[in-house]
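Here's the structure we're looking at; comments come further down.
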Amino acid sequence: MILVHLDLKGAPPKVSYLAEVFPLFSALGANGLLIEYEDTFPYYEELLPLRSAHAYSPQEIREILRLAQMSNLEVIPLLQTFGHMEFVLKHKEFAHLREMPMYPNSLNPHKEESHQLLHVIIRQVMELHPGVRWLHIGSDEVYYLGEGEESKKYLSESGQAVEDLFMCHLKKVAAHVVSTYPGIKPIAWDDMLRGASAQTLTG
């Protein structure tokens, strides 16, 4: 697949603008869109704090997907599930789920509440993306992983490396996607795995 990564956080383009550029992407050879919403997704209920004032509405999301289909662009939603979690962890409601209390970028993988939060994020995004074949679960640049107190204790007691800790969390998230949404294939960035051993990757 030849994908265009649309990073929509912060200042999302108008749907009318996307209607103009999608045919251009297709004409230039792209056949898919990797769409990263972060705070521009219309989260609701317990996730309402994540929704920015300029977030798309559910109707606008559906229109974006319709426009993509018209230009023969397959959509792959991209969710942050480990690193780049500032749009979640900067809020007081979720600050206790940080790997490092002073930094809002990485999620604490040891807390069950962290995984429950991810399940809700995934569910709400998937509700507006019926029919997708892939779900990108992010997981790049998980800075400070292994430096939180719970991680230090885990690594000390288990004798494992940071890459093992990363892989454990990644597998949990991927397993949830596969079990909850049959037929959906989770994919992730590879940078955190480049230094991992063959045993870690195949274990």
Side-chain angles (χ1 to χ4, degrees), residues 5-12 34-41 43-55 77-126 135-177 180 186-201 203:
H5 179 188
L6 291 180
D7 188 348
L8 301 177
K9 63 180 177 284
L34 186 64
I35 302 184
E36 182 174 3
Y37 298 102
E38 290 202 7
D39 62 349
T40 65
F41 189 80
Y43 295 108
Y44 61 92
E45 293 180 346
E46 65 262 54
L47 300 184
L48 191 59
L50 312 187
R51 182 176 180 168
S52 77
H54 306 290
L78 191 163
L79 308 180
Q80 298 298 346
T81 61
F82 211 171
H84 292 292
M85 291 285 287
E86 290 90 346
F87 80 105
V88 177
L89 301 176
K90 69 182 181 181
H91 298 285
K92 64 181 185 300
E93 295 91 338
F94 306 107
H96 63 288
L97 298 178
R98 299 174 181 181
E99 168 74 351
M100 294 285 285
M102 66 285 291
Y103 301 125
N105 56 308
S106 297
L107 188 69
N108 182 328
H110 308 281
K111 295 184 181 296
E112 178 59 27
E113 191 177 347
S114 294
H115 292 279
Q116 293 302 318
L117 170 64
L118 294 179
H119 294 175
V120 177
I121 291 174
I122 292 169
R123 174 175 59 79
Q124 291 195 12
V125 170
M126 290 299 292
L135 180 65
H136 200 302
I137 56 176
S139 304
D140 61 316
E141 300 176 341
V142 189
Y143 298 133
Y144 307 109
L145 179 61
E147 298 184 27
E149 291 305 315
E150 289 176 84
S151 288
K152 286 181 179 178
K153 183 178 184 218
Y154 173 85
L155 295 174
S156 175
E157 293 178 352
S158 67
Q160 293 186 329
V162 171
E163 290 82 6
D164 297 300
L165 176 57
F166 172 83
M167 197 65 180
C168 181
H169 178 80
L170 184 70
K171 287 168 68 175
K172 282 183 179 179
V173 176
H176 171 74
V177 172
T180 309
I187 54 178
W189 300 120
D190 74 307
D191 59 290
M192 293 294 294
L193 295 171
R194 292 173 193 166
S197 66
Q199 182 179 355
T200 296
L201 293 174

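These values consider heavy atoms only, across backbone and side chains, with no hydrogens, waters or symmetry-generated copies. Here the structure is a predicted model, which is why all the values come from computation and not from measurement.
When every heavy atom of Leu170 is checked against every heavy atom of Ala188, the shortest pair comes out as CD1-CB, 3.9 Å. Smallest separation of non-hydrogen atoms from Met192 and Val142: SD-N, 3.5 Å. Annotation for Ala161 and Leu155: closest pair O-CD2, 3.6 Å, computed over non-hydrogen atoms. Summarising the geometry of Tyr154 relative to Gln160, their closest heavy-atom pair is OH-OE1, 2.7 Å, with the distance given to 0.1 Å. Closest approach of Ser139 to Thr81, counting heavy atoms only: OG-OG1, 3.4 Å. The two residues Ala55 and Arg51 make their nearest non-hydrogen contact at CB-CG, 3.6 Å.
Expressed to the nearest 0.5 Å, how far NZ of Lys153 lies from OG of Ser158 amounts to 11.5 Å. Note that NE2 of His84 is 7.5 Å distant from CD of Glu36, once rounded to the nearest 0.5 Å. Atom OG1 of residue Thr40 and atom NE2 of residue His54 lie 11.5 Å apart, to the nearest 0.5 angstrom. Rounded to the nearest 0.5 Å, atoms CD (Gln80) and NE2 (His136) are 8.5 Å apart. Considering CG of Leu117 and CG of Leu89, their distance stands at 7.5 Å, rounded to 0.5 Å. Arg194 CZ to Glu163 CD: the interatomic distance, rounded to the nearest 0.5 Å, is 13.0 Å.
With hydrogens and angles ignored, the 3.5 Å screen pairs no side-chain donor or acceptor of Asp140 with any backbone N or O of Gly83. Panel note: side chain His169, backbone Leu165; no donor-acceptor pair is recorded below 3.5 Å. In terms of modelled atom types and a separation under 3.5 Å, the side chain of Ser52 and the main chain of Asp39 share a donor-acceptor contact.
A parallel orientation is assigned to the rings of His119 and His176, their planes being inclined by less than 30° (bins at 30° and 60°).
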Apply side chain to side chain contact (heavy atoms under 4.5 Å, CB included) to Gln116 and Lys111, showing your working.
CA-CA 9 Å; Gln116 293 302 318; Lys111 295 184 181 296; over 6 Å; no
I would like to know whether Ser114 and Asn108 meet side chain to side chain contact (heavy atoms under 4.5 Å, CB included); could you show each step before the answer?
CA-CA 7 Å; Ser114 294; Asn108 182 328; 4.3 Å; yes
Met85 vs Leu118, test: side chain to side chain contact (heavy atoms under 4.5 Å, CB included). Steps then yes/no.
CA-CA 11 Å; Met85 291 285 287; Leu118 294 179; 4.1 Å; yes
Could you go step by step and tell me if Glu99 and Ser151 meet the side chain to side chain contact (heavy atoms under 4.5 Å, CB included) rule?
CA-CA 8 Å; Glu99 168 74 351; Ser151 288; 2.7 Å; yes
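Contact of the Val88 side chain with the Leu107 side chain is not registered, since no non-hydrogen atoms from C-beta on lie closer than 4.5 Å. Using a 4.5 Å heavy-atom cutoff, the side chains of Ile137 and Phe82 are not in contact. Contact check for Trp189 versus Leu78: side-chain heavy atoms found under the 4.5 Å cut-off. A heavy-atom distance below 4.5 Å is not found between the side chains of Lys9 and Phe87. Looking at Ile122 and Thr180, their side chains never come closer than 4.5 Å, going by heavy atoms from C-beta outward.
When each of Phe94, Phe41, Tyr37, Tyr44 is checked for a side-chain contact (heavy atoms from CB on, under 4.5 Å) with Leu50, only Phe94 meets the rule.
A 6.0 Å sphere centred on NE2 of His96 holds more than 12 heavy atoms belonging to other residues, nucleotides or ligands.
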